[in-house]
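Shown next, in structure tokens, is the structure this report addresses.
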Amino acid sequence: MADQECWSMDPDFQCPTAPNARVAYHLTLLRSGFCESFERILHLLSVSVTSPQASIRCRSLKALLPILEADPFIIDHTPLVKTLVSSRMKDISVAVRESSLRLISRCRELTPQLGVEVMPEIVRRVADDSITIRRRAMKILTEMYLHHPEGSTSSGIAEALLHRVADLDQTVRELACQSLAEIWISPYQPALTGKGACRTKLAVVKHLGLIARTVQRNRCLPAMLTTALQTILVTPSQGTAILHVYQLFVARMFEMIETPTRKGDGSMEPAATFQVLLIFAKINAAHIFTTQQIQLLQPYVGPIGSADDMSTYRSVVSILSHVLPRVSNVDSMLLRSISTDLIRQVSRFNRPILHEVIRCLQTLSEIIQDKQPLTRLTLSCLENIRKMVGVRIHDPADQHTVRKIKKLLLIAGMCGRHCNFEAQLDVFQTRFGDWRGQSVSELMIATFSRFSSPGPPTDLRMAALDAICMVCQLWPKHFASAMVSAQFEKAFEEKDASLETIILTSFKELLLAKEQHSEANDGVAVKLDHIGGSQLDRVAAFITQTFMSHRKDLTRIALATQDEQALLAVEVLASMHRQGLLHPKEYAPICIALETSHNRRIADLSYRMHQILHAKYETIIAKEYMRAVDVAYEYQRDVVGNVRGATCDPYLSILNPMVEVIKAGRSNGRTKFHESLCTRIDLDLSHTSRLYLPRYLQRSQFILEDIAFFEYASVKDLTAALIAMEKVFTRSGVVVVDAIATEILGGMSSGEKSGRNDPNRLQVLAAFSTVLASLWHTKAYLTQQYGLSGTRGSTPYETSKDSGKAPSKVDNINGRALWERSGEKDGKERRLKLDQVGKKGNSRASDKMKMSLTSFVKH
């Protein structure tokens, strides 16, 4: 074919066209040796993606990208590629997970269907431990939503983004709000919709229906959406345009309320409509709601029919309490009518609805300047409560009376929380002639205290204590009063979880209100404008000093369990931490222990506190790290039910969050930490009389497994740990070997022979030998895992140039052998041997122990 003259002489030969020539070229290229090796190349890459070495997995994923870009056909017709790429999103390495997300982002552009298939795993990556991974997953989901805003996955994507509004990292929170603005708000801005009606009413209604379905997926989502909408509204460049979108949404929902449409038209259920309206009402922005819209809400606060109407009723009442202060020119007769309807049904409401009703009544009374309805209600409740003092309440037949007192306490407590009656002091003094106080709040607390002291049934005490706490929210000075603090101390001494939860909840609300006191009131915290900031400071300091510094009640509750009560105590500590009410040394060990909790919310809060503490007070906190290790071990042992120092699959240290925080500090601080941690298992044969050996073995195993499975920040840190381990082994090993050789293998004086077979001594020597052996195995594992050589921790990287780099792990070496060697079975056998030796007359066990010790010395 290369000889064109030969072919041109053939009468049947036709000169090939350019397309035919290209096809011939492609066919020839596909038969080349390189292209025939494509399957083998792809197979090698797929094998490399599953390599034990994280760097190789990462590079393999990057190498796949140009291949898939050149031939997207591979993505749909090679299931192995999809499986490998999606599975790497769960990789233990952050770099590998990030490379996998990058690859999926690009492949999704080439094959949009791939995004739908892997979306569940991308949604899970939005809650990843790594901030970088969370941000990248959020960007991918935002792009997927914008390409298919009406797809079946839209609600799931929006929910994942909403959860990140409460993220601990500020950059993630900002990105979540920005993403929600892009997918839910920006497409409906006037500049984009215009007057061409490209966004019809039906489209807006469908969009609002999607919002309603999304927030109904989780109870915490409405509050997160409110926060996001508030953040979006304060955007400097688009504030006015965003406000117009909010007005559009609210107007469409009121149109649905006024003129219900068929379900086929995409309308929302009334309860869902009012729930979304409440979210916009809580934004607390002016000009979103109008006077005409308020009038449409009046029929919904009338007499309640079925139980299904209760959720709608609560939403409407809450909307009114948030919106009325920001809507002018509302007819006073309408407001009085609403107030009358609410007062008539007060006794029917449970606590959540009553909270909204009393707050709405207080708002109405301020607008119409008439407080008589609330005053009469409170006077009636207090009078009836005082009449109930001394009645029979302990017999089962008296439960009706108990329920009546609890309802009265709830109503009166709510009135005391939301309403300031000090201007009506003379009215209360006239009604209660035997009372000589000078404060209505004192009258309320004194009345409630008759049922909060020990004696009445627990549920009645809870209601009375709750009522006291509600009054204290409006008048924080009573938290420091002798009467209230005595009630709190008694409840903590009894260790009654239900009473403690009520008190902790009140502490949390007060401290959060103090944090928000300098900001604009958002309707969540109580209004504290009637008191000075200095009074708030004194009360917060009193609570901190009394129940945290002196009595340690908060510490006890936080470290006792992993349930909601412990989370509540941690939230109180977090608020104290943010306000600088505690000394760093006082709660740093608590944070480090709690960040190992299996309760994710407790662990996240504690980790965030530890990060801030370490960043501000590294020198002070560093001195508490060894005590923190002991507290973490005790917390894992007693609360979590774990005595191992690491987890398997993957092998990761329990104290890894602590080490991650320390990595952000100075290099010398990390080195000192690793050296000090090794010395925690140092041995002293001269002080063993008070040593509980099984506990000592557990604690030593916990520390050694932590050391083995740390993610070391640099070669210098690893070297420091190895050298410290060798020093401990050398120093203590000589003492233990000498004692074994002297006391068991011979060389004892005649005066010492009487203690030669002392079982207690054999126990001590056996325990110390076990710890030293485990120490040596841990050091050997680290040496193999990181490819180190030589003695005394020497390493080929030990130069000033490379000592700051992260050490590289050797392929095909994991912690399985070390994990199994120090596993639970071996630990039980060691403790069993120690217990057997401790029994009198068990000479056979003693002989076996002697043989083991002899073997240790020879080794």
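- The aromatic rings of Phe488 and Phe507 sit perpendicular, their planes meeting at an angle over 60°, well past the 30° parallel limit.
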| task | Check the pair Ser575, Gln579 against side chain to side chain donor-acceptor pair (under 3.5 Å), reporting the backbone distance first and the verdict last. | result | CA-CA 6 Å; Ser575 183; Gln579 299 178 56; 3.0 Å; yes
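- Considering only heavy atoms from C-beta on, Glu494 comes within 4.5 Å of Leu499 through its side chain.
- A heavy-atom distance below 4.5 Å is not found between the side chains of Thr505 and Ile502.
- The two residues Ala540 and Lys514 have their closest heavy-atom pair at CB-CD, 3.7 Å.
- Gln473 places a side-chain N or O within donor-acceptor distance of the main-chain N or O of Ser506, the cut-off being under 3.5 Å.
- Evaluation of the ring pair (Phe, Tyr, Trp, His ring centres under 6.0 Å) rule for His577 yields Tyr587 as partners, not counting sequence neighbours.
- Between the side chain of Arg173 and the backbone N or O of Leu168, at least one donor-acceptor pair lies under 3.5 Å.
- Looking at heavy atoms from C-beta onward, Ser452 lies in side-chain contact with Ile468 at the 4.5 angstrom threshold.
- Although no hydrogens or angles enter the test, the distance criterion places no donor-acceptor pair under 3.5 Å between the side chain of Arg637 and the main chain of Val643.
- The pair Asp370-Arg336 counts as a salt bridge, with a side-chain nitrogen and a carboxylate oxygen less than 4.0 angstrom apart.
- Contact annotation: the side chain of Thr273 never approaches that of Thr312 to less than 4.5 Å [non-hydrogen atoms, C-beta and beyond].
- Distance alone, capped at 3.5 Å, is enough to place a donor-acceptor pair between the Glu422 side chain and the Val440 backbone.
- A donor and an acceptor atom, one from each side chain of Ser597 and Gln562, are located under 3.5 Å apart.
- Counting heavy atoms from C-beta outward, Met548 and Ile590 have side chains that approach closer than 4.5 Å.
- Salt bridge Asp604/Arg601: absent, no basic N to carboxylate O contact under 4.0 Å.
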| request: Kindly determine whether Ile257 and Leu277 satisfy side-chain contact (heavy atoms from CB on, under 4.5 Å), including the steps that lead there. | output: CA-CA 11 Å; Ile257 294 172; Leu277 275 174; 3.5 Å; yes
| request: Could you go through the side chain to side chain donor-acceptor pair (under 3.5 Å) check for Gln636 and Thr596 one step at a time? | output: CA-CA 8 Å; Gln636 286 287 314; Thr596 67; 2.9 Å; yes
| request: Evaluate salt bridge (Lys or Arg N to Asp or Glu O under 4.0 Å) for Glu500 paired with Arg556, printing each intermediate quantity in order. | output: CA-CA 11 Å; Glu500 289 176 339; Arg556 171 180 59 81; 2.9 Å; yes
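- Between Arg578 and Glu515 a salt bridge is recorded (basic side-chain N to carboxylate O distance below 4.0 Å).
- At distances below 3.5 Å, not a single donor-acceptor pair connects side-chain atoms of Ser380 with backbone N or O atoms of Arg376.
- Looking at Glu624 and Arg627, a side-chain N of the basic residue comes within less than 4.0 Å of a carboxylate O on the acidic one, giving a salt bridge.
- Although no hydrogens or angles enter the test, the distance criterion places a donor-acceptor pair under 3.5 Å between the side chain of Gln345 and the main chain of Gly302.
- Atom CD of Gln293 and atom CD of Gln295 lie 10.5 Å apart (nearest 0.5 Å).
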| request: Would you sort out whether Thr375 and Gln424 count as a side chain to side chain donor-acceptor pair (under 3.5 Å), showing the intermediate values? | output: CA-CA 8 Å; Thr375 303; Gln424 289 76 34; 4.5 Å; no
| Going through the checks in order, is the side chain to side chain donor-acceptor pair (under 3.5 Å) test met by Glu366 and Gln362? | CA-CA 6 Å; Glu366 292 177 351; Gln362 171 62 17; 2.9 Å; yes
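- Leu410 has its side chain out of reach of Phe349: every pair of non-hydrogen atoms, C-beta onward, lies at least 4.5 Å apart.
- With hydrogens and angles disregarded, no donor-acceptor distance shorter than 3.5 Å links the side chain of Ser318 to the backbone of Arg314.
- Residue pairs meeting the side-chain hydrogen bond (donor to acceptor under 3.5 Å, both in side chains) criterion with at least one partner in residues 463-472, sequence neighbours excluded, are Arg351-Asp466.
- A side-chain donor from one of Gln487 and Ser453 sits under 3.5 Å from a side-chain acceptor of the other.
- With 3.5 Å as the limit, one finds a donor-acceptor pair spanning the side chains of Glu595 and His610.
- In terms of modelled atom types and a separation under 3.5 Å, the side chain of His550 and the main chain of Gln545 share a donor-acceptor contact.
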| said: With side-chain contact (heavy atoms from CB on, under 4.5 Å) as the criterion, how do Gln429 and Leu443 come out once you've worked through the C-alpha distance, each side chain's angles and the decisive distance to 0.1 Å? | reply: CA-CA 10 Å; Gln429 288 176 335; Leu443 169 65; over 6 Å; no
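- Counting non-hydrogen atoms of neighbouring residues, nucleotides and ligands closer than 6.0 angstrom, the NZ atom of Lys552 exceeds 12 such neighbours.
- Side-chain N/O atoms of Ser155 and Thr214 include a donor and acceptor closer than 3.5 Å.
- A 4.5 Å side-chain heavy-atom check between Ile543 and Val572 finds every atom pair outside the cut-off.
- Using a cut-off of 4.0 Å between Lys/Arg side-chain N and Asp/Glu carboxylate O, Arg417 and Glu509 are scored as salt-bridged.
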| query | Is there a side-chain contact (heavy atoms from CB on, under 4.5 Å) between Val484 and Glu489 once you walk through the steps? | reply | CA-CA 9 Å; Val484 175; Glu489 291 176 7; over 6 Å; no
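- Within the 3.5 Å criterion, the main-chain N or O of Asp426 finds a donor-acceptor partner in the side chain of Thr430.
- A heavy-atom distance below 4.5 Å is found between the side chains of Val357 and Ile353.
- Salt-bridge check for Arg386 with Glu383: failed, with every basic side-chain N at 4.0 Å or more from each acidic carboxylate O.
- You'll find the ring centres of Phe547 and Phe492 inside the 6.0 Å limit.
- Judged by distance alone, with hydrogens and angles left aside, the side-chain atoms of Ser449 form a donor-acceptor pair with the main-chain N or O of Ile445 at under 3.5 Å.
- Scanning for ring pair (Phe, Tyr, Trp, His ring centres under 6.0 Å) contacts around Phe448 gives an empty result, with sequence neighbours left out.
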| message | Quick one, Leu225 with Ile211, criterion side-chain contact (heavy atoms from CB on, under 4.5 Å). Give me CA distance, side-chain angles, the key distance, then yes/no. | response | CA-CA 9 Å; Leu225 179 55; Ile211 294 177; 3.8 Å; yes
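- For an aromatic pair to be called close, the ring centres must be under 6.0 Å apart, and Phe421 with Phe428 satisfies this.
- The ring of Phe280 has its center no closer than 6.0 angstrom to the ring center of Phe289.
- By the neighbour-count criterion of 12 heavy atoms within 6.0 Å, atom CD of Gln369 is sparsely surrounded, having that number or fewer from other residues, nucleotides or ligands.
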